[in-house]
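Notes follow once the structure below has been shown.
Proteins get letters first, then strands, A, B, ... in listed order; numbering begins at 1 in each.
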2 protein chains.
Amino acid sequence: MSRDSVVDAAERLVHSRPFGEVTIRSLAAQLDVAPMSLYRHVRDKDDLLGEVVDRMLAAEWEPAADPADLGRWLTEAAERLRHLLVDQPAALHVYLSGPVVSPAALRRMDAMLDVLGRAGLDRTAARRAYAALHTYTVGFAALEASRSGWRPSPSDGGTAAELAAFTSPEQFAVGLRYLLDGIASASPAAGHLPTGPDPGGRSTPGGRAAESAPSRERRRGVSRPG
Amino acid sequence: MSRDSVVDAAERLVHSRPFGEVTIRSLAAQLDVAPMSLYRHVRDKDDLLGEVVDRMLAAEWEPAADPADLGRWLTEAAERLRHLLVDQPAALHVYLSGPVVSPAALRRMDAMLDVLGRAGLDRTAARRAYAALHTYTVGFAALEASRSGWRPSPSDGGTAAELAAFTSPEQFAVGLRYLLDGIASASPAAGHLPTGPDPGGRSTPGGRAAESAPSRERRRGVSRPG
DNA sequence: GGCGCCATGCGTACAAGTACGCATATTGTG
DNA sequence: CACAATATGCGTACTTGTACGCATGGCGCC
C-alpha cells in the first residue's frame, strides 16, 4: 500500500459513489485494510480529497476556447470550475476548506493571470481581477450546490421561486459579465473583455443558455457542502 | 424547556465559545438536560443554528449609511454581511448549508432590491444584481474564513503571499466595485452606483481601508467552515 | 547469522450528530 | 375523577473521523 494506491482507490470511490458514502471506512474496505491503516499514507481525509480533487481539476480546468479570445476564454475557465465544483461535492468541500495550492490549481491560476495580463492589466490589476473572478465562481458554486435538491418549505411564498433564479447557469453568466465589465472599465488600458451581446438585457430569462455552458448539467450524490 | 429557551441557550453558547465547542452535547449540558431532549424542540443542529444566525443577522445587517447614497449603502450592506460571516463561523455554516430564508434575511433582501430599484434597475435587473452581489459576498467570506489561520506550508514559495492578498478587506472592496461598475453599465437607466474614487487604481494596496469597514476585525474560534 | 530499529498495519477508544422507541407527565374528555 | 391521547424527556446504539500506542516484519549493520 502506498499513498498513490490510496489516492487511486479514493478517486475510484469518489467517481462511483455519492459523496456521503465516501468515508474512510468504506475506502479501507475497498482496499481490504483496516481504517486506521490509511493514516500511514494520508494526513487526514481532507488531505486525501485534496489529491483526488487535484486530479479532477487537472482533467477539467482548461478551456477549449482560443486563449486569444480573452473574454470567452475567461468565461469558459470560470464556467468549467463552477461546473466541477457543483458536480463534485468533494471538490467544493476542498475549495471551501482552505486555499487550494495543488499543482493543477496553480497552473490554472497562472494561466488566468497570463490571459488577464494579455488583456492589458498590470500584474497587480490582474491579481485583483483574478481574485474577484475566483471568489465569484467559488461563491456561486457553493450557493448553487447548497440549493440543488432544496425543496421550498410550504410556508414560503413566491420567495422560493425568486431564490431559485439566483443559482441558474444564466445568472452565473450575468454576474460574470458584470465582473468582466467592471474589470475592463477599471483598467484604462484594457480592451473589451466581455464577449458578445449582453446575455440578458431586461427580458425574461429563458432566452438563451450561458454562452459556453458545456451542454447538459447532471447532479449526483449528496449536496450538503458541509 | 421550549424552542425559545433552547435557541436562547444556543445563542449564549455561540457567543461565548469557539464554534468547535458549540455541540449538541455541550448545549444540553448547559441546559442541564440530556442531549436527545433538544430534538423535541429543534429539527437538528442546523435548524438551531439557523435561528441563532437569524438573530445575529437581524442585529447587524442594516447599514448606517443614508439609503439615498446608493453605492455607499450597498457597499456597506455587503461589507456588513461579509463581516458577520467571517466573524461568526456559525453564520457562514448556515449560509453555506442552504438558502437562508429567515425573517431578517428576507428583510435584508427586500431592502437591497428596493435600493437597487431606486438606482434605476427594473425588477428583473435588480434581482440579477442582488444575486451577483450576494454570491460575491458569501463567496468572499467563505474563502476569507477558510484562509484565516492558515499557515503556508514551508514548501510553497511566494505563492502563499500572493494568495493572502486575495482575501484582504481591500480586495473585497475592489471586487465589489467591479460588480457595481458592471451592474451600472449594464443598465442604461442606472445612475452611477460606485461611490468615490477607484479604491485602488494600480498603485500599492494600503491606500485606504474599505469605505465602511466597521473598525477593527476580530477573529474567534475554529474557522473550518465544513 | 544474529540483532536492533523503523516503517507499517491495526485494535481500541472517544467525541460528535442523531435514529429509535420507551417511559413519564400533561392535557383533554366523559 | 378515571382514562385515553398526546407531549416531552431520555437511554441506547450506530456511524463518522481520528488519536494513541502495540505488534510485527523487513532491513541494516556487525
Side-chain angles (χ1 to χ4, degrees), chain A residues 1-14 16-53 89-98 146 149 221-226, chain B residues 1-14 16-53 89-98 146 149 221-226:
Chain A
M1 196 168 36
S2 67
R3 179 169 174 109
D4 265 357
S5 68
V6 171
V7 175
D8 285 350
E11 190 176 11
R12 263 173 280 135
L13 207 60
V14 164
S16 66
R17 305 258 217 118
F19 186 53
E21 290 176 24
V22 176
T23 70
I24 291 291
R25 283 168 162 86
S26 67
L27 178 58
Q30 183 121 343
L31 286 166
D32 209 48
V33 298
M36 286 312 292
S37 303
L38 301 179
Y39 287 88
R40 288 287 171 194
H41 306 282
V42 297
R43 190 163 16 80
D44 55 23
K45 195 183 176 183
D46 279 2
D47 178 31
L48 180 57
L49 290 178
E51 290 274 307
V52 171
V53 168
L92 185 57
H93 175 86
V94 167
Y95 267 80
L96 292 179
S97 291
S146 79
V222 167
S223 68
R224 178 69 61 84
Chain B
M1 197 169 31
S2 67
R3 181 170 173 106
D4 265 358
S5 67
V6 171
V7 175
D8 285 350
E11 190 176 11
R12 262 173 282 135
L13 207 59
V14 164
S16 67
R17 305 257 217 120
F19 186 53
E21 290 176 25
V22 175
T23 71
I24 291 290
R25 284 168 161 87
S26 67
L27 179 58
Q30 183 124 342
L31 286 165
D32 209 49
V33 297
M36 287 312 291
S37 303
L38 301 179
Y39 287 87
R40 288 289 172 195
H41 308 281
V42 297
R43 191 165 15 77
D44 54 23
K45 195 183 177 184
D46 280 2
D47 178 31
L48 180 57
L49 291 178
E51 290 274 307
V52 172
V53 168
L92 185 57
H93 175 86
V94 167
Y95 268 78
L96 292 179
S97 291
S146 78
V222 167
S223 68
R224 179 71 59 85

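A:L27 has its CG atom 16 Å from the C1' atom of D:dT15, to the nearest Å. For the pair B:K45 NZ and C:dT18 C1', the interatomic distance rounds to 12 Å; values are reported in whole Å. The separation between A:Y39 atom OH and D:dG21 atom P is 18 Å, rounded to whole Å. Straight-line distance from the CE atom of B:M36 to the P atom of C:dG21: 12 Å, rounded to whole Å. Atom NE2 of B:H41 is separated from atom P of D:dA7 by 12 Å (rounded to the nearest Å). Rounded to whole angstrom, the span from the CZ atom of A:R3 across to the C1' atom of C:dT8 amounts to 16 Å. Here D:dG9 presents its C1' atom at 15 Å from CD1 of B:I24, a figure rounded to the nearest Å. In this structure, A:M1 atom CE and D:dG26 atom C1' are separated by 16 Å, rounded to whole Å.
Taken from CZ in A:R25 to CE in A:M36, the straight-line distance is 9.5 Å, to the nearest 0.5 Å.
The side chain of A:A34 sits closest to C:dC10 out of D:dC10, C:dG17, C:dC10.
Proximity of A:S37 to the phosphate of C:dT8: no side-chain N or O atom is located under 4.0 Å from OP1 or OP2.
Comparing A:R25 and A:R40 against DNA chain C, the residue whose closest nucleotide sits nearer the 5' end is A:R40.
In terms of heavy atoms, A:L48 sits closest to A:V6 at CD1-CG1, 3.8 Å. The nearest pair of heavy atoms linking A:A91 to A:V53 is CA-CG2, 3.5 Å.
Distance alone, capped at 3.5 Å, places no donor-acceptor pair between the A:S5 side chain and the A:M1 backbone.
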